[in-house]
Amino acid sequence: MDAATKKQLQIKACNVRMGVIEGVFNAKSGHPGGSLSIADVLTYLYFEHINVDPKNPKDENRDRFVLSKGHTAPALYAVLAHKGFFPVSELKNLRKPGSMLQGHPSMKLTPGVDMSTGSLGQGISTAVGMALGGKIDGKDYRVYTVLGDGEIQEGQVWEAAMFASAKGLDNLCAVIDNNNLQIDGSVAEVNSPYPIPEKFRAFGWNVIEICGHSFDEIDAAFRAAAETKGKPTAIIVKTVKGCGVSFMEDQCSWHGTAPNAEQYEQAMAELQAKLAELEA
Amino acid sequence: MADVIKTATRDAYGQALVELGEKDKSLIVMDADLAAATKTGAFKKAFPERFYDAGIAEANLVGVAAGLATTGHTVFASSFAMFLAGRAFEQVRNTIGYPHLNVKLGATHAGISVGEDGASHQCCEDIALMRTIPGMVIINPADDVEARAAVLAAAEYEGPVYLRFGRLAVPRFNDPENYNFEIGKGIEMADGSDVTIIATGLMVNEAMIAKDMLKEEGISARVINIHTIKPIDKDIILKAAKETGALVTAEEHNVIGGLGSAVAEVVCEEYPVPVVKVGVEDKFGASGPAVEMLKIYGLCASNIVEKAKKAISMK
């Protein structure tokens with residue numbers, strides 16, 4: 001990836017993070033931690049990798065995206081808004097009565113959302129169904145889904161993983177956001193899903209491990225996934241929960257808590273400073 | 001009199017899928033390792049390239065069906081009622097019901113008439129579960145003619161449908177030449193003035209027998225077949241309430257949450273009359289030959305007769 005592209009993505013990701021904070025602060029609830037950990041991957045996908053058109057969100061040949069870890073909708077909404085699916089000003093209406101931006105994604109209400117999710121473990125199955133549909137119809141679109149590392153404690157994830165490899169769905173790519181934290185503590189303490197790569201390999205998947213905050217590594221991983229034939233790819237991304245806002249980083253308590261006014265100012269100031277530095 | 005044809009509604013389901021598959025080349029059928037029993041095996045044999053087996057994984061079955069539906073395919077996903085409505089309830093609720101996707105749930109082996117397999121496989125809770133999902137259509141056909149028509153209608157309809165089929169071969173009483181099926185439209189099988197028996201599924205046939213038994217005692221019973229439990233035909237129920245003044249419901253399902261509850265909800269709010277329910281009395285099933293088990297659980301004409309008299313006495 002060239003330096004200019006990388007810088008543009010870093011700037012976009014910074015804006016996306018501000019969108020997350022803006023939304024969650026105004027809603028006085030929501031999930032900032034996991035939204036910030038996956039912000040770079042989502043920014044890359046929508047601004048560099050996947051084929052979607054905000055003017056034609058239901059194009060039957062588009063790539064599909066399913067946010068299986070639906071609680072991190074604020075990050076998806078911020079990306080979709082900056083991509084042009086709806087105005088960025090809409091982010092302030094997150095979780096408000098009558099808003100198109102529900103607490104968890106709704107494909108019926110939000111342009112650009114391909115599947116309603118929120119109940120963990122279910123999104124990946126729907127992504128598998130979309131990938132199967134692409135194969136049946138002879139389409140060359142690809143399907144992407146993002147899961148949390150805590151989410152893979154759900155048995156359904158492994159039902160889906162088994163089916164996807166059994167059907168050779170190489171048009172499917174699942175990202176595991178390995179920020180190592182879930183509501184009740186670290187994933188290892190609560191009910192360890194480790195080792196994650198070995199589990200996916202055992203289920204017949206191609207596995208790639210990267211840092212989820214390095215655009216070079218993200219780019220290389222998704223390109224490699226797209227070239228992999230005969231099996232689905234799992235990209236395990238090592239991330240920092242709350243990444244980009246100093247006091248939220250690697251803190252379990254920021255899984256599902258909104259910042260107060262003071263914390264909001266501090267978070268936005270940090271992100272503004274980062275943005276200014278990137279744009280300098 | 002010609003011999004009565006006996007066919008399980010699940011067999012009619014399998015045949016109707018093949019019929020549909022010939023017309024709609026994009027139709028996909030899925031199962032969870034029960035194709036031989038749910039009869040989706042007939043479709044698998046006819047169109048192997050459009051049949052997908054999820055294996056013993058009902059949660060994923062439902063999710064994959066939902067994802068496929070978003071790509072423009074009509075999908076029928078099948079398993080036993082216990083596992084489709086029961087085990088995968090939350091997947092059906094969140095991944096099919098909430099986004100209102102075009103998935104048809106073909107649930108077989110509903111109710112006590114599963115027989116020897118016993119309580120673990122006799123689902124008497126599915127109508128109650130599915131009824132609480134906004135936008136879910138629920139159809140419980142009474143014979144093979146109605147089952148075929150229901151499958152064809154469900155395929156035409158855009159949105160989620162729960163189709164409930166039985167394992168037991170049941171008598172055909174509808175005429176395949178003249179039968180007309182409309183989702184949400186109850187059918188008056190016989191007119192009567194003293195009481196109305198509102199039945200669904202295999203209990204419709206029992207209701208007709210009960211009607212004849214009541215006639216011998218000088219009681220005139222109307223019989224209504226409610227094949228669509230949701231959306232329910234309020235008009236036909238309220239008309240019966242007004243004209244006969246007493247209702248008996250009959251279903252192969254728990255008396256909690258099924259047809260009886262749905263009928264009671266309608267009349268309670270608009271025209272209260274006695275409603276006496278025939279169904280599984282909040283119990284689990286048990287092993288035994290299906291026909292015998294239905295009698296043991298009171299899912300028979302003689303119990304309907306008894307309850308009809310009770311309903312009339314409460315007028």
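Chain letters run A, B, ... following the sequence lines, proteins first and then strands; every chain starts at 1.
Comparing A/M162, A/M130, A/E159 by heavy-atom pairs within less than 4.5 Å of chain B, the highest count is held by A/E159. When A/S125, A/G155, A/G121, A/S116 are compared by the number of non-hydrogen pairs under 4.5 Å with chain B, A/S125 comes out ahead. With chain A as the partner, the residue from B/V75, B/T71, B/T95 showing the most heavy-atom pairs under 4.5 Å is B/T71. The candidate with the highest count of non-hydrogen atom pairs below 4.5 Å against chain B, out of A/G118, A/A131, A/G123, A/G133, is A/G133.
With a threshold of 4.5 angstrom between heavy atoms, A/I136 approaches chain B through side-chain atoms but not through N, CA, C or O. Neither the backbone nor the side chain of B/E49 comes within contact range of chain A; no heavy atom of the residue lies under 4.5 Å from a heavy atom of that chain. Only the side chain of A/K167 has a heavy atom closer than 4.5 Å to any heavy atom of chain B. Both the backbone and the side chain of A/A160 have a heavy atom closer than 4.5 Å to some heavy atom of chain B.
Side-chain atoms of B/H253 come within 3.5 Å of backbone atoms of B/A128 as a donor-acceptor pair (strictly under, hydrogens ignored).
In this structure, B/H109 has its ring center no closer than 6.0 Å to that of B/H121.
Between A/R62 and A/D114 there is a salt bridge, since a side-chain N of the basic residue sits under 4.0 Å from a carboxylate O of the acidic one. For the pair A/D170 and A/K135, the salt-bridge criterion is met [side-chain N within less than 4.0 Å of a carboxylate O]. Looking at B/E58 and B/R87, a side-chain N of the basic residue comes within less than 4.0 Å of a carboxylate O on the acidic one, giving a salt bridge.
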Step by step, would you call A/I236 with A/I208 a side chain to side chain contact (heavy atoms under 4.5 Å, CB included)? CA-CA 6 Å; A/I236 321 289; A/I208 301 170; over 6 Å; no

